[in-house]
Amino acid sequence: ATARHAKDPLAELTYAWSVASDAGVFGAEMLYMNIHPMQQLLPKTQLLRQYERVLCNAVAEIGVDVNTACSHDHIHGMLSFVPGLGPRKAANLKQNIARIGGVVESRRSLLGKRLMGPVVYNNSVAFLRVRDIDQLSNQYLHPLDDSRLHPDVYHRNTWAGKIAIDALERVEAKTGDQEVEMQIVAIQDAMKNSQEEVKRLFDATKTEWESHFGPTFNIQAWDPRENVPADQWRDKVEELDLEAFANMLEEQGQGRWLSHLQMIKWEFRLPFEDPRKPMEPLSGDKLFRLLTGETDQSLRPGKEVTGKVVRNGDFGSTVKLEGDIRAFIPLRNLSDDHVETAEEVVNVGAVVTAIITEVKKDHMCVDLSLKMEDFRKNQTSWTRPESLPALDEHFDRTAAMQVEQEKSKEREARLSALRLSLGGNGDDEGGEDGSKKRTGRVTRRACAHPAFRNAKNDEIDRELREAGDAMVGEALIRPSSKSSDSLAVHWVVKPGTIKVIEVVEEDKDTDASIGNILKVKDETFGSIDELLGRYIAPMNDYVEELINHRKFLDLPEDDVEEKIKSLKKANPKGVFYHVCWNEMHPGYASLHFILSTTARNYPIGITQKGFSWMGKVHPSLDKLLNEFKRNPKGTQSSRSSTNASAAPSRPAPPETKGSRWGARPAPPPQPAGWAGQGQSLPPPPAAQAPGWGAPSAAQAAPQQAWGQHSLPPPPNRFQPPPPSGQPPAFSQPPPPYGQPPPPGPPQHPPPQGGYPYQPPPPPRQQYH
């Protein structure tokens with residue numbers, strides 16, 4: 001688009017107009033053009049109407065090559081602004097020309113081939129040009145078809161040919177074909193003679209101007225119609241008396257044609273000539289405006305802009321502004337204090353608000369500053385660009401100073417929010433006790449510990465990776481880039497895997513010192529050695545336990561999942577599980593298992609206290625896996641194993657709710673192994689012998705485990721006989737099924753051997 005605009009700006013503007021907005025309004029894209037600083041004050045409809053009028057006048061002034069416009073979409077928009085046409089007629093003309101082959105050889109063929117109606121042809125043909133192109137290289141073109149003259153003055157009335165023949169003092173031919181051919185040749189010779197005269201006058205005028213005023217001649221301002229007197233013209237057409245010819249035509253009753261005859265003379269001299277001066281190389285100002293769309297009004301020294309830091313270098317920070325404009329903050333302008341590196345003030349990816357100090361248009365770059373003194377400067381103290389219009393003589397400077405003072409107060413109110421990111425707190429002289437106050441800026445630390453590095457994140461990772469397996473289990477510490485009160489611990493979990501742990505510093509003396517208190521979440525440490533000994537070393541032990549466990553597989557998670565799926569397919573009744581490294585989160589393990597058909601996984605965290613799973617820390621991996629076996633779905637049990645196994649202090653009152661078994665006391669609490677799984681115990685076998693709970697002869701044989709054979713249900717309305725003997729003491733555990741009978745006189749002696757107890761059935765699924 002930039003190249004097309006440089007070659008034919010009018011065609012590109014009309015093409016932009018032809019694109020309709022979402023609301024169906026044409027020309028909406030032209031509202032984004034900066035024509036005048038105060039154009040935003042005009043209504044958009046009025047501005048678009050003026051744009052349309054200017055485009056119509058410009059198209060009528062230079063004409064449209066009909067063949068080129070119909071064969072190129074980016075030039076077709078000019079046809080819509082031809083007087084007598086419009087968007088619909090222009091589109092219809094393009095379709096008709098494409099139907100006959102894509103080109104027309106003359107203006108008369110537009111009407112002869114019925115490409116447009118007679119009224120439209122009569123109104124618009126003078127603005128349609130037929131020029132020499134490759135498809136018409138073998139055709140004989142009329143020279144006036146590429147001029148502003150209407151065909152009525154050189155086809156229907158042969159006055160243009162007559163003027164050319166009379167100017168060259170040639171004899172007219174008598175036959176029709178010879179007369180047309182002679183007129184065309186005479187017109188070509190007369191136009192050549194007039195154009196040579198125009199060039200002679202232009203060179204003479206330019207030479208005389210430069211002899212007096214130097215090389216400042218303005219080509220666009222030179223108009224031979226106004227700047228050259230009539231007595232200086234020496235071409236053949238100037239020798240004719242066109243007024244006498246017009247009077248003769250008027251006396252013959254053919255109308256008044258003086259204006260048309262004068263137009264013929266000037267079209268011989270300037271037929272659709274481009275008034276622009278030759279294209280010159282773009283200067284820095286114009287090239288900067290074309291490539292960035294910014295002007296001295298939008299980017300000037302003293303203006304606040306917002307951008308994103310994309311790179312920190314040895315000499316400053318590179319910032320990308322809106323519109324992808326590159327900006328640079330020199331190291332000296334990053335802070336009011338002296339800084340060694342750009343990382344002490346800003347980080348890559350941070351969004352900063354800075355002040356423009358200089359616009360380097362030749363380098364397509366803008367220099368910025370983060371210094372507080374630049375933020376506090378008044379706008380009047382910055383250099384005003386010369387391209388901006390001068391201030392009006394009635395400009396109220398007093399009111400402007402009041403507005404500037406109000407803005408300065410607002411700017412000072414915002415400085416407190418900016419100081420945190422810019423590296424200052426407004427007090428650089430020190431505290432009341434004479435000690436140096438902290439600036440809150442991320443700085444290098446004065447630490448001689450062998451595990452500490454004043455380096456960046458990438459540099460630490462590179463050092464650990466290059467060391468290979470020798471650094472597994474080791475840790476390096478660096479200043480964190482998040483804040484000045486934190487450190488970052490790079491712990492090598494396994495070869496190629498590094499976990500970064502954030503450490504918060506408290507009780508710091510200066511920015512360059514290490515905090516006297518180091519905190520990792522809820523754990524507190526007094527030094528770096530204590531941090532490595534009490535935090536990193538225990539986690540290394542747990543990592544060693546993990547990788548040596550029988551259920552650990554040093555495989556990718558996808559491979560582990562495929563393995564348990566194949567095991568499940570071979571043994572559908574089994575529950576298979578394995579532990580491997582978590583690939584998405586460094587320093588975490590992953591427990592993969594399959595219960596039915598879908599493989600699932602749980603993350604397992606490694607802390608200094610053990611293995612973390614489901615919000616609970618387990619001191620060993622075996623205990624974690626046992627908890628997983630009891631509770632594979634991971635839901636927290638509503639009962640604790642301690643409460644489930646403890647005996648109640650007194651018997652529970654009998655349950656009053658009836659059932660098909662009749663009234664009976666409430667069951668005792670369930671054992672811990674079953675309570676954790678949320679399952680209910682199966683009912684006890686029905687008593688067949690006298691005495692509650694006493695075994696019969698048939699039951700004297702060794703009993704089988706429950707769940708292998710089911711007993712038939714008792715008969716309807718069956719009530720078990722009441723137990724005999726004294727109830728058990730409260731200190732003794734209750735019978736496994738049912739509650740003790742209510743207090744009362746004993747009716748039967750207790751059964752021999754006491755109350756029978758059978759353990760709960762084992763889980764139905766076997767873990768592998």
Side-chain angles (χ1 to χ4, degrees), residues 1-7 9 12 32-37 215-216 276-391 411 418 421-423 456 458:
T2 304
R4 292 199 301 263
H5 182 272
K7 184 177 181 180
E12 196 63 22
Y32 297 98
M33 298 175 56
N34 295 323
I35 304 299
H36 193 273
T216 59
R276 295 181 298 171
K277 62 180 179 180
M279 185 175 179
E280 299 177 355
L282 295 176
S283 61
D285 295 349
K286 190 172 183 180
L287 185 62
F288 184 82
R289 179 176 60 83
L290 290 176
L291 294 180
T292 64
E294 302 289 346
T295 61
D296 290 336
Q297 182 69 27
S298 58
L299 284 181
R300 64 181 185 276
K303 184 174 181 179
E304 293 185 11
V305 292
T306 302
K308 183 178 181 181
V309 180
V310 296
R311 180 178 175 272
N312 285 331
D314 297 335
F315 303 100
S317 299
T318 303
V319 182
K320 184 170 68 173
L321 304 179
E322 295 181 0
D324 293 338
I325 300 176
R326 186 174 64 91
F328 184 73
I329 308 177
L331 201 62
R332 64 180 182 277
N333 291 338
L334 282 172
S335 176
D336 294 315
D337 300 332
H338 175 73
V339 294
E340 295 290 341
T341 60
E343 289 81 2
E344 298 179 10
V345 181
V346 294
N347 301 320
V348 175
V351 178
V352 297
T353 301
I355 292 289
I356 297 177
T357 58
E358 185 181 0
V359 180
K360 298 180 179 179
K361 296 182 179 180
D362 293 336
H363 300 279
M364 299 292 166
C365 182
V366 178
D367 281 354
L368 304 178
S369 174
L370 295 178
K371 299 173 69 173
M372 293 298 107
E373 60 177 345
D374 292 332
F375 277 91
R376 294 189 178 98
K377 282 185 180 180
N378 293 329
Q379 291 294 325
T380 55
S381 61
W382 295 96
T383 304
R384 181 181 176 85
E386 297 180 357
S387 60
L388 295 180
L391 296 178
R411 190 181 299 110
L418 293 173
S421 60
L422 301 180
K456 302 178 183 178
D458 297 339

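We're numbering straight along the sequence, starting at 1.
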Output the distance between atom [atom1] ([X]) and atom [atom2] ([Y]), rounded to the nearest 0.5 Å.
| X | Y | atom1 | atom2 | result |
| --- | --- | --- | --- | --- |
| Lys361 | Leu287 | NZ | CG | 11.0 Å |
| Glu358 | His363 | CD | NE2 | 8.5 Å |
| Thr357 | Lys303 | OG1 | NZ | 15.0 Å |
| Phe375 | Asp336 | CZ | CG | 10.0 Å |
| Glu373 | Asn333 | CD | CG | 8.5 Å |
| Leu321 | Leu299 | CG | CG | 7.0 Å |

Which heavy-atom pair separates [X] from [Y] by the least distance, and what is that distance?
| X | Y | value |
| --- | --- | --- |
| Trp382 | Ile356 | CZ3-O, 3.9 Å |
| Pro330 | Leu368 | CD-O, 3.5 Å |
| Leu291 | Met364 | CD1-CE, 3.9 Å |
| Asp374 | Ile355 | O-CG1, 4.2 Å |
| Arg311 | Val348 | CA-CG2, 4.3 Å |

Decide yes or no for [X] and [Y]: does some side-chain heavy atom of the first lie under 4.5 Å from some side-chain heavy atom of the second?
| X | Y | answer |
| --- | --- | --- |
| Val352 | Thr306 | no |
| Thr353 | Val305 | no |
| Val319 | Lys308 | no |

Candidate pair Val366 and Ile325, rule side-chain contact (heavy atoms from CB on, under 4.5 Å), full reasoning: CA-CA 8 Å; Val366 178; Ile325 300 176; 4.2 Å; yes
Donor-acceptor pair, side chain of Ser298 and main chain of Glu294, under 3.5 angstrom: no
Exceeds 12 heavy-atom contacts within 6.0 angstrom, atom CD of Glu322: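 Atom CD in Glu322 is not crowded, with 12 or fewer foreign heavy atoms closer than 6.0 Å.
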Verdict with supporting geometry, Phe315 and Leu331, side-chain contact (heavy atoms from CB on, under 4.5 Å): CA-CA 5 Å; Phe315 303 100; Leu331 201 62; 5.7 Å; no
Candidate list Asn347, Val346, Thr341, test side chain to side chain contact (heavy atoms under 4.5 Å, CB included), partner Glu344, passing option: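 Considering Asn347, Val346, Thr341, a side chain to side chain contact (heavy atoms under 4.5 Å, CB included) with Glu344 is found only for Thr341.
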Derivation and outcome, salt bridge (Lys or Arg N to Asp or Glu O under 4.0 Å), residues Lys456 and Glu343: CA-CA 9 Å; Lys456 302 178 183 178; Glu343 289 81 2; 2.7 Å; yes
Derivation of the side-chain contact (heavy atoms from CB on, under 4.5 Å) call for Val359 and Phe288: CA-CA 10 Å; Val359 180; Phe288 184 82; 4.1 Å; yes
Polar side chain donor-acceptor pair, Ser317 to Asn312, under 3.5 angstrom: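 The answer is yes; a qualifying pair exists.
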